[in-house]
Amino acid sequence: MLLEKLREEKQFTSHEKTVADYILEHLRQVPSMSAGELADASYTSKATVVRLCQKLGLTGYQEFKIRLVEEISQKDRIGRILANEPITGKSTYSDIINTLPALYDKAITNTRLSFDKNVMIRIHNYLT
């Protein structure tokens, strides 16, 4: 969500766009930077950095850094999960059609295996 807002640059001033572009180009370095360091690196002011964070719906730069680290971690986790999947951006239509049934079966089987029988019995009893 945060990264999408930075990419959209909705109602950003030109200086805020500069900061947003810098952040997107240096995602891994920004969390270790102070607001002043980010401002210096993007040739803007600390006030611009803080205003950008507020436009993103956050209270300030510290909250921005926390949310950014969370999104980077989530993005990395999803990337690792999808790296093992048989469908990629290079998959052909035929590959996808042949692979989807196996993916559905895998998802259903994993879901079924993750159920705790005792919990399901309690849920059933509660519903009835």
Side-chain angles (χ1 to χ4, degrees):
M1 181 73 104
L2 185 63
L3 295 175
E4 290 174 19
K5 288 180 179 179
L6 286 171
R7 283 188 198 98
E8 289 174 2
E9 298 182 346
K10 278 189 176 176
Q11 301 187 0
F12 289 177
T13 65
S14 62
H15 293 295
E16 291 166 348
K17 287 179 182 182
T18 301
V19 175
D21 291 342
Y22 183 88
I23 292 167
L24 292 170
E25 291 172 13
H26 301 91
L27 276 178
R28 305 284 176 196
Q29 293 81 24
V30 172
S32 64
M33 300 170 84
S34 68
E37 290 170 335
L38 177 56
D40 290 343
S42 61
Y43 302 103
T44 60
S45 69
K46 185 176 175 181
T48 301
V49 172
V50 173
R51 276 193 308 271
L52 173 63
C53 295
Q54 291 170 340
K55 276 191 179 178
L56 294 169
L58 308 170
T59 57
Y61 185 66
Q62 292 305 315
E63 184 181 1
F64 169 79
K65 288 194 331 180
I66 291 167
R67 293 273 304 276
L68 182 63
V69 168
E70 289 171 356
E71 284 203 26
I72 291 170
S73 297
Q74 185 72 354
K75 183 179 173 187
D76 290 347
R77 186 182 74 77
I78 290 170
R80 285 190 304 273
I81 291 169
L82 294 178
N84 296 326
E85 291 301 323
I87 297 176
T88 66
K90 296 178 182 177
S91 297
T92 64
Y93 175 79
S94 178
D95 294 337
I96 294 169
I97 294 299
N98 291 328
T99 305
L100 277 179
L103 286 177
Y104 283 123
D105 184 53
K106 179 180 172 184
I108 291 169
T109 301
N110 287 340
T111 302
R112 188 177 299 129
L113 292 174
S114 69
F115 287 143
D116 181 326
K117 183 178 180 180
N118 293 326
V119 171
M120 296 306 291
I121 291 170
R122 282 194 319 233
I123 291 170
H124 175 265
N125 291 338
Y126 179 77
L127 292 174
T128 55

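Keep in mind it's a predicted model, so treat the numbers as computed, not measured.
Using a 4.5 Å heavy-atom cutoff, the side chains of F12 and T48 are not in contact.
Put simply, CG on L38 and NZ on K46 are 11.5 Å apart, with the number rounded to the nearest 0.5 Å. Rounded to the nearest 0.5 Å, atoms CD (E63) and CG (L2) are 9.5 Å apart. T44 contributes atom OG1, which lies 9.0 Å from atom CZ of R51 (distance to the nearest 0.5 angstrom). Distance check, rounded to the nearest 0.5 Å: NZ of K117 to CE of M120 gives 12.0 Å. The distance from atom NZ of K106 to atom OG1 of T99, rounded to the nearest 0.5 Å, is 11.5 Å. Taking CG from L6 and CG from L52, the interatomic distance works out to 6.0 Å, rounded to the nearest 0.5 Å.
When all heavy atoms are compared, the tightest approach of Y61 to S34 is CE2-C, 3.5 Å. When every heavy atom of L58 is checked against every heavy atom of R67, the shortest pair comes out as CD2-NH1, 3.0 Å. When all heavy atoms of I72 and L27 are compared, the pair lying nearest together is CD1-O, 3.4 Å. Between T18 and S42, the shortest heavy-atom contact is CG2-O, 3.3 Å. Among all heavy-atom pairs drawn from Q54 and T59, the shortest one is NE2-O, 3.9 Å. Counting all heavy atoms, side chain and backbone alike, A39 lies closest to S45 at CB-C, 3.3 Å.
Listed by chain and residue number, nothing satisfies the side chain to side chain donor-acceptor pair (under 3.5 Å) test with T109 (two or more places apart in sequence, or in another chain). Scored by the side-chain contact (heavy atoms from CB on, under 4.5 Å) test, N125 finds I121 as partners (sequence neighbours excluded). Listed by chain and residue number, D95 satisfy the side chain to side chain donor-acceptor pair (under 3.5 Å) test with T92 (two or more places apart in sequence, or in another chain). In this structure L100 satisfies the side-chain contact (heavy atoms from CB on, under 4.5 Å) test together with I87, I96, L103, Y104, sequence neighbours excluded. Residues passing the side chain to side chain donor-acceptor pair (under 3.5 Å) test with Q62, sequence neighbours excluded: none. Under the rule for a side chain to side chain donor-acceptor pair (under 3.5 Å), the partners of K55 that lie at least two apart in sequence or sit in another chain are E16.
Pairs engaging residues 28-37 under the salt bridge (Lys or Arg N to Asp or Glu O under 4.0 Å) rule: R28-D76 [sequence neighbours left out]. Sorted by first and then second residue, the ring pair (Phe, Tyr, Trp, His ring centres under 6.0 Å) pairs involving residues 22-57 (not counting sequence neighbours) are Y22-H26. Within the structure, ring pair (Phe, Tyr, Trp, His ring centres under 6.0 Å) pairs that include any residue of residues 108-128 do not occur (at least two apart or interchain). Sorted by first then second residue, the salt bridge (Lys or Arg N to Asp or Glu O under 4.0 Å) pairs that include residues 2-12, not counting sequence neighbours, number zero.
The hydrophobic cluster around I97 extends to Y93, counting ILVMFWY residues whose side-chain heavy atoms fall within less than 4.5 Å of a member. Think of V69 as one node in a network of Ile, Leu, Val, Met, Phe, Trp and Tyr side chains linked at under 4.5 Å; it has no links at all.
Following chains of ILVMFWY side-chain contacts shorter than 4.5 Å, one cannot reach V50 starting from I66, and the two form parts of different hydrophobic clusters.
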